[in-house]
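Notes follow once the structure below has been shown.
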Amino acid sequence: MKALETNIEHKVVDAKLNVMIIEDSRQDAFLITRKLKQSGYVVTTKVIDTQDAMQKALKEQQWDIIVCDYNMPHFSAPVALRILKESKIDIPFILVSGIIDENTAFDMVRSGAHDYIGKDNLSRLAPAIERELREAINRQKRRQIELALRNSEEKYRKLVETAGDAIIVADAQTGILIDANQKAQEMLGMDKEKIIGMHQTQLHPKKEAKHYNDVFNDAVNRGNDVINEVYLQHKDGHRIPVEIRSSVTVVGGRKIIQGIFRDISIRKQVEQEHYINELRLEAMVTLNQMSNASIDDISDYTLKESIKLTMSKIGFCGLISEDEKILYTYSWSQSVMKECTTPEKPLHFIVEEGGIWAEAIRQRKAIIVNDYTAPNIYKKGYPKGHVELRRVMVVPVFSYNKIAAVVAVGNKDKEYNHTDLRQLELLANGMWQQVERKRYIEQLNELNRILEDKVKEETEKKIEKERLLIQQSKLAAMGEMIGAIAHQWRQPLNAVSAFLIDLKDAYKHGQLCEEYLNNNIDNVRQQLMFMSKTIDDFRNFFKPSKEKALFDTKEVIKEVIKLIEYQFKNNNITFQLNLQDNKSLTICGYPNEFKQALINIINNAKDAILEKGKALETENYQGIIKISTYSDGNKNKVVIHIQDNGGGIHADIIERVFEPYFTTKEQWRGVGIGLYMSKTIIEKNMAGQLSVKNIDDGAEFTIEI
């Protein structure tokens, strides 16, 4: 017993101490106070001897220790101890008395007094107070720890009960469930009383019990923080994908495993949608690559992918007639064809007579029926032997506000949802885009074929037309050349005639001798050779150049002038030539065609000069045609200018002078193809450029090659 401890003097250094002394003897209270001060305490005391005074003192301030006499006229230690307990204030209560026996002292200690000291042994008071103060501090710490533990347990319990995840606790050895929070009850559709006592394998689909037992044992063996993905089974039978994080601990010598089950249905749905989206994208890519496939192949592939994407069992694809009255089926799932025992399998259906599938056309929107056995006003049944339908989803495909196709799937194990509908719509529209592209390509190919035939026909017509134009141009030029030949031959013919007359006169007058005869014969022969050469020159002019060749533009111009100068001189027209003697004036082309182009331009100048002379009513109007050539080093081209003083071309028609059959001359003088042919020869055949502009008192044609 503490009262029997050895009396050991103890010294405390300047510790502050608030002491409530319950004592009716002021002398004894003084002795107690003095003893505490002698022990080193800085003491503040309050002496009371009644119940009311104690209750008031407890309320007024905090006390470090209560020292109480056992028996007083108006108060007693048992009453004081009861008041202290009722106040629920933890203050060390030390009984200090000199008149009680040992049994009474033991009863007080058992009732809650912390120590008993006799008034004749006050030397024990300071050590007892110090000890009880330490004990009080320790008790306070324990209470704080216990309170914190209770708060922690309460908080943990609340967290467990209000957690967003299901929490289930099981015996690690037996697998028997011993606790479950509210979320677990909701997830399983069972009360806690039903869950507790179940075996852990009963949480999962029955067919997979062995697998989940292995998962449980593995988690127990591996210890803390084990993560698995499993399926819980609701009491109505549907499966719930969850991620479970398990940890193993020992409580009261019992090994338990706690599992936190997080519902990952949404995550699984997102993953499934992502996977389905990838499949659809792959299908769309494949569809876009089927440019050479037939419509049947495109439809078959679309149906196969539609069934896979929606996890269906059956389906069909069909195209709708332009008036939306008939469905032409292109593809059926193979399982339908195998199971269907309908005698006749039509390839087209009348929309007006159709049931659910036709309703998508009539209502112009997708139709989903997740319970085909339920009454439905749109159902019209199906023929005997048809595959049984449990669920159906039908999607119409629109093209320019008209329904062009229908894709339908059926008999999915689960209900069709918005995701299934979206996937089917996207794939069906992708199919139709490819079918449309296929049709457009076929139509385009047909149009191209027709266009090619038309172009070929028109080209042949154009070639024939140009051939006729060329022929006409040749004939027109030939007419001009015949006139030129006539002028060329007139002088030598006159000379031959003169020589013959001279021979006759010489014979008549007896002056004909061998020498005189030979001289006249030589003269006639020279004139005939000139006429023959003239014929050869004209014949060479009309001979087309088959291949390109290098030729000197200066020499070609001289040859052309030589052919036509007599005719032009006869019309009072002279040529003024300014032809550079430069090797850079050599070009590559068709020399005879080039000559024809020059003659056409020069003849056009001649006609303009003659028209002007006629307008001036002057027979002796002097016509001048100037031809000049030079090399344009900057453009690396040969430039030829042909100028006349024929009055120029009217501004209203100058842009049309190169058009075929355009002419301002009388019909007998031309058909308007000369300048057109010249432009064709220069620009198309020789990759040059021919242009015209008006100058002072005339026109200037410019050739650049």
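- Taking Phe594 as the reference, Phe551 meet the ring-ring contact (aromatic ring centres under 6.0 Å, His included) condition, with sequence neighbours excluded.
- The existence of a salt bridge linking Lys192 and Asp179 is confirmed by a sub-4.0 Å separation between a basic side-chain nitrogen and an acidic carboxylate oxygen.
- A donor and an acceptor atom, one from each side chain of Ser331 and Tyr301, are nowhere located under 3.5 Å apart.
- Using modelled atom types, one finds a donor on one side chain and an acceptor on the other under 3.5 Å when comparing Gln423 with Asn277.
- Salt-bridge check for Arg280 with Glu425: failed, with every basic side-chain N at 4.0 Å or more from each acidic carboxylate O.
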Assess the residue pair Asp171 and Lys255 against the criterion (salt bridge (charged side-chain N to carboxylate O under 4.0 Å, His left out)); give the C-alpha distance rounded to whole Å, side-chain angles, the decisive distance to 0.1 Å, and a yes or no. CA-CA 7 Å; Asp171 186 292; Lys255 192 175 184 180; over 6 Å; no

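- Proximity of Thr419 to Leu421: side-chain heavy atoms (C-beta onward) are nowhere separated by under 4.5 Å.
- For Glu243 and Arg267, the salt-bridge test passes: some basic side-chain N is under 4.0 Å from an acidic carboxylate O.
- Remark: Glu460 pairs with no residue by the salt bridge (Lys or Arg N to Asp or Glu O under 4.0 Å) rule, at least two apart or across chains.
- Contacts of Glu436 classified as salt bridge (Lys or Arg N to Asp or Glu O under 4.0 Å), with partners at least two apart in sequence or in another chain: none.
- Looking only at side-chain heavy atoms (C-beta outward), Lys402 and Glu324 come within less than 4.5 Å of each other.
- No side-chain heavy atom of Glu271 sits less than 4.5 Å from a side-chain heavy atom of His274.
- With hydrogens and angles left out, the side-chain atoms of Asp420 and Thr310 include no donor and acceptor closer than 3.5 Å.
- Between the side chains of Asn288 and Gln433, no donor-acceptor pair of N or O atoms lies under 3.5 Å.
- A side-chain contact (heavy atoms from CB on, under 4.5 Å) with Leu427 is found for one member of Leu279, Leu303, Leu309 and no other, namely Leu309.
- Both the sub-6.0 Å distance and the 45° axial angle are satisfied by Arg239 relative to the ring of Tyr231.
- In this structure, Ile240 CD1 and Lys268 NZ are separated by 14.0 Å, a value rounded to the nearest 0.5 Å.
- Classification of Asp453 and Arg449 as a salt-bridged pair holds, one side-chain N sitting under 4.0 Å from a carboxylate O.
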What verdict does the side-chain hydrogen bond (donor to acceptor under 3.5 Å, both in side chains) test give for Asn411 and Glu388, after you've listed the backbone C-alpha separation in whole Å, the side-chain angles of each residue and the deciding distance to 0.1 Å? CA-CA 9 Å; Asn411 291 355; Glu388 180 185 0; over 6 Å; no

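- Every residue two or more places apart in sequence or in another chain that forms a side chain to side chain contact (heavy atoms under 4.5 Å, CB included) with Ala136 is listed here: Pro92, Arg139.
- Note: Trp357 and Phe316 have perpendicular aromatic rings, judged against thresholds of 30 and 60 degrees for the angle between ring planes.
- Taking Ile178 as the reference, Val169, Arg254, Ile256 meet the side chain to side chain contact (heavy atoms under 4.5 Å, CB included) condition, with sequence neighbours excluded.
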Arg439 and Glu442: salt bridge (charged side-chain N to carboxylate O under 4.0 Å, His left out), yes or no, with the steps? CA-CA 5 Å; Arg439 287 180 171 178; Glu442 290 176 352; over 6 Å; no

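- Side chain to side chain, Ser294 and Asp296 fail the donor-acceptor criterion of an N or O pair below 3.5 Å.
- Salt-bridge formation is detected for the pair Lys461/Glu457: a Lys NZ or Arg NE/NH1/NH2 atom is positioned less than 4.0 Å from an Asp or Glu carboxylate oxygen.
- With sequence neighbours left out, the salt bridge (Lys or Arg N to Asp or Glu O under 4.0 Å) criterion links Arg262 to Asp165.
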